[in-house]
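Along the sequence shown, the residues carry numbers beginning at 1.
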Amino acid sequence: MRRTAVRLLLAVLVALAPCLAGAPAHAAVPDSPAVTYTNPIAEQRADPHIFKHTDGYYYFTATVPEYDRIVLRRATTIQGLKTAPETTIWTKHASGVMGAHIWAPEIHFIDGKWYVYFAAGATNDVWAIRMYVLEGTGANPLTAGWTEKGQLRTQWESFSLDATTFVVNGVRYLAWAQRDPSVNNNTDIYLARMANPWTITGTPVMLSRPTYSWETVGYKVNEGPAVIQRGGKVFMTYSASATDSNYCLGMLTASASANLLSQASWSKSPAPVFASSAATSQYGPGHNSFTVSEDGKSDVLVYHDRGYKDISGDPLNDPNRRTRVQKVYWKADGTPDFGIPVADGVTPQRFSSYNFADRFVRHWEYRARIEAGVSPLADSQFRVVSGLTGSGTVSLESANFPGHYLRHRNFEVWLEKNDGTARFASDATFHRRAGLADPAGVSYESYNYPGRYVRHWEYLLNVQAVSTATDRADATFYAQ
């Protein structure tokens with residue numbers, strides 16, 4: 001009996017040895033690894049909608065600046081949509097309804113058929129905007145046979161547009177924007193159940209009306225609803241204000257188990273969740289949709305904006321809204337964090353600590369550190385770009401301070417503006433290595449001090465030599 005107890009004690013001590021020796025704990029590889037794209041995805045394409053189908057293709061449609069047709073592209077990657085050939089699947093009517101202002105098409109696959117929802121005016125009244133539906137039969141919607149299912153009718157015969165459809169707990173809904181004839185504003189957001197893909201049923205409910213100051217600049221607008229679901233919650237983004245640099249995204253939130261056809265089930269964010277950024281030269285982000293990354297592990301925000309603030313004349317006559325994408329991140333409370341519209345070019349990443357899973361690399365008063373619950377999100381986003389010294393190296397550029405890079409100074413890591421000197425270039429350049437504690441992660445070795453790596457020490461980032469298991473853990477990060 002005594003020998004058995006001794007053996008058991010020895011086994012426990014052996015099992016605990018790494019912990020007793022101070023071996024670092026570590027996080028699991030993130031469920032949502034980094035994905036990067038290069039923006040813009042499509043020039044002169046507004047109100048973008050990207051749908052990933054079970055056939056492995058992404059299908060992309062958007063408003064063309066001529067407002068006269070519906071186009072489709074497809075590719076096996078989101079980036080591939082940039083150069084994919086474009087097919088016109090439908091052209092406006094020569095006269096009457098569906099003869100003008102062909103806007104905001106969306107493509108969906110429902111019960112074995114393709115459906116395109118779009119808005120259109122009439123040749124005799126271009127502002128008689130209503131919602132319409134096309135039905136397509138065939139595996140590939142670019143070559144499918146399309147038929148008009150007619151107008152998608154609602155509770156009023158009034159200005160209506162931006163139909164989108166989604167399913168919660170087996171129930172299919174339609175969300176859209178429409179003008180209430182009795183109210184002095186432009187459009188509200190409405191929701192109804194669907195009897196079939198081109199017909200609503202029951203009484204629609206008004207979910208959101210433009211009342212906040214940021215929803216009423218230029219025009220009193222709530223439009224372009226888009227839905228993303230996660231963790232038992234339904235999030236509905238929508239666009240607000242005029243379609244210039246004031247255009248932005250708001251968000252409604254409801255529990256998936258609640259009665260979605262009750263306005264009381266939805267809460268409205270008091271501030272925009274996505275807005276113009278002078279720092280990144282992105283203006284008027286809005287009319288979004290959502291898709292998923294190629295590996296299915298990341299949610300992707302799809303939207304349009306312009307690369308300049310000032311517009312001559314009516315924004316609707318400016319053709320330069322372009323389609324862009326960036327990864328959606330999720331806060332600890334389960335809500336989405338869209339950050340800011342990132343700069344043109346490669347999209348940024350975040351870097352979580354190997355041994356402190358909830359902490360991310362960020363800059364705070366220009367000092368680099370790891371921290372949990374980073375706000376604003378962009379403080380923890382960095383573009384991995386070609387090294388300032390070249391030679392197969394990389395540099396880490398701030399997402400919200402373009403032209404500023406992580407560099408070491410006195411072996412401390414700071415975020416500083418590139419001053420163009422050779423010293424700065426060397427200090428801000430690193431060799432990207434497989435993670436020292438986990439090859440699925442990443443470690444960054446100093447370009448001008450070989451053997452020294454970016455690592456956290458008391459949560460601050462430094463460039464130090466590594467030798468122990470703790471050193472290697474502190475110098476390992478996961479790209480997200």
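In this model, no donor atom of one side chain and acceptor atom of the other lie less than 3.5 Å apart for Thr187 and Glu223. Side chains of Ser257 and Ser255: a donor on one and an acceptor on the other come within 3.5 Å. Using modelled atom types, one finds no donor on one side chain facing an acceptor on the other under 3.5 Å when comparing Lys82 with Thr38. For Thr389 and Ser426, the side-chain atoms include no donor-acceptor pair closer than 3.5 Å. Side chains of Ser353 and Arg359: a donor-acceptor N/O pair is absent below 3.5 angstrom, by distance only.
Atoms CD and CG, on Glu365 and Leu415 in that order, are 12.5 Å from each other to the nearest 0.5 Å. With values rounded to the nearest 0.5 angstrom, Ile70 atom CD1 is found 5.5 Å from Ile89 atom CD1. For the atom pair CZ of Arg362 and CZ of Arg369, the computed distance is 8.0 Å after rounding to the nearest 0.5 Å. Separating the CG atom in Leu174 from the CE atom in Met194 is a distance of 4.5 Å, to the nearest 0.5 Å. Lys52 contributes atom NZ, which lies 10.0 Å from atom OG1 of Thr76 (distance to the nearest 0.5 angstrom). With rounding to the nearest 0.5 Å, the separation of OG in Ser398 from OH in Tyr405 is 10.5 Å.
The number of heavy atoms from other shown groups lying within 6.0 Å of CG (Asp314) is above 12. Crowding of Arg409 atom CZ: a count of heavy atoms from other residues, nucleotides or ligands under 6.0 Å exceeding 12. When the shell of 6.0 Å around CG of Asn410 is examined, it contains 12 or fewer heavy atoms from other residues, nucleotides or ligands. Heavy-atom neighbours of Tyr219 OH from other residues, nucleotides or ligands within 6.0 Å: at or below the threshold of 12.
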### Message
Does Phe411 form a ring-ring contact (aromatic ring centres under 6.0 Å, His included) with Trp457? I'd like the steps, not just the answer.
### Response
CA-CA 12 Å; Phe411 300 121; Trp457 176 256; over 10 Å; no
### Task
Run the numbers on Asp337 and Thr335 for side-chain hydrogen bond (donor to acceptor under 3.5 Å, both in side chains), then give the verdict.
CA-CA 7 Å; Asp337 195 338; Thr335 59; over 6 Å; no
### Task
Please lay out, stage by stage, how Asn222 and Glu215 fare under the test side-chain hydrogen bond (donor to acceptor under 3.5 Å, both in side chains).
CA-CA 7 Å; Asn222 281 179; Glu215 298 177 296; 3.1 Å; yes
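Between the side chain of Thr476 and the backbone N or O of Ala437, at least one donor-acceptor pair lies under 3.5 Å. The closest donor-acceptor contact from the side chain of Asn186 to the backbone of Lys220 lies under 3.5 Å. No side-chain donor-acceptor contact under 3.5 Å links Gln381 to the backbone of Asn400. Under a 3.5 Å cut-off, the side chain of Glu86 and the backbone N or O of Arg73 do not form any donor-acceptor pair. Between the side chain of Ser245 and the main chain of Gly284, no donor-acceptor pair closer than 3.5 Å is present. Between the side chain of Tyr212 and the main chain of Gly250, no donor-acceptor pair closer than 3.5 Å is present. Between the side chain of His49 and the backbone N or O of Ile107 there is at least one donor-acceptor pair closer than 3.5 Å. Formation of a donor-acceptor pair under 3.5 Å by the Asn39 side chain with backbone atoms of Val325 is found in this model. Side-chain atoms of Lys268 come within 3.5 Å of backbone N or O of Arg209 as a donor-acceptor pair.
Side-chain rings of Phe477 and Tyr444 stay apart, their centers remaining 6.0 Å or farther from each other. Proximity of the aromatic rings of Tyr459 and Trp364 is defined here by a centroid distance below 6.0 angstrom, and this criterion is not met. The aromatic ring centres of Phe338 and Tyr303 sit 6.0 Å or more apart. Close placement of the Phe118 and Trp90 rings is indicated, their centers lying within 6.0 Å of each other.
Tested against Asn320, the residues Glu43, Arg306, Gln44 include a single side-chain hydrogen bond (donor to acceptor under 3.5 Å, both in side chains) partner, Gln44.
Contact between Val361 and Phe382 at its shortest, heavy atoms only, is O-CE1, 3.7 Å. Scanning both residues, Asp162 and Pro225, for their nearest heavy atoms gives O-CD, 3.6 Å. In plain terms, the two heavy atoms of Val466 and Leu436 that are nearest each other are CG2-CD1, 3.8 Å. The shortest heavy-atom contact between His304 and His287 is CE1-CB, 3.7 Å. Scanning both residues, Val328 and Val300, for their nearest heavy atoms gives CG2-C, 4.0 Å. Contact detail for Pro33 and Lys297: the closest heavy-atom pair is CD-CD, 3.8 Å.
For Arg433 and Tyr453, the positive end is not near the middle of the six-membered ring at less than 6.0 Å and at most 45° from its axis.
Using cut-offs of 30° and 60° on the angle between ring planes, the pair Phe356 and His456 is perpendicular. Ring-plane geometry between His108 and Phe51 is classed as tilted, the angle between the planes lying from 30 to 60 degrees on a 0 to 90 degree scale. Between His53 and Tyr59, the ring-plane angle classifies as perpendicular under the 30° and 60° cut-offs.
Annotation: side-chain hydrogen bond (donor to acceptor under 3.5 Å, both in side chains) contacts of Arg407 (sequence neighbours excluded): Glu416, Asp427.
Salt bridge present: Arg322 and Asp305 bring a charged side-chain N and a carboxylate O closer than 4.0 Å.
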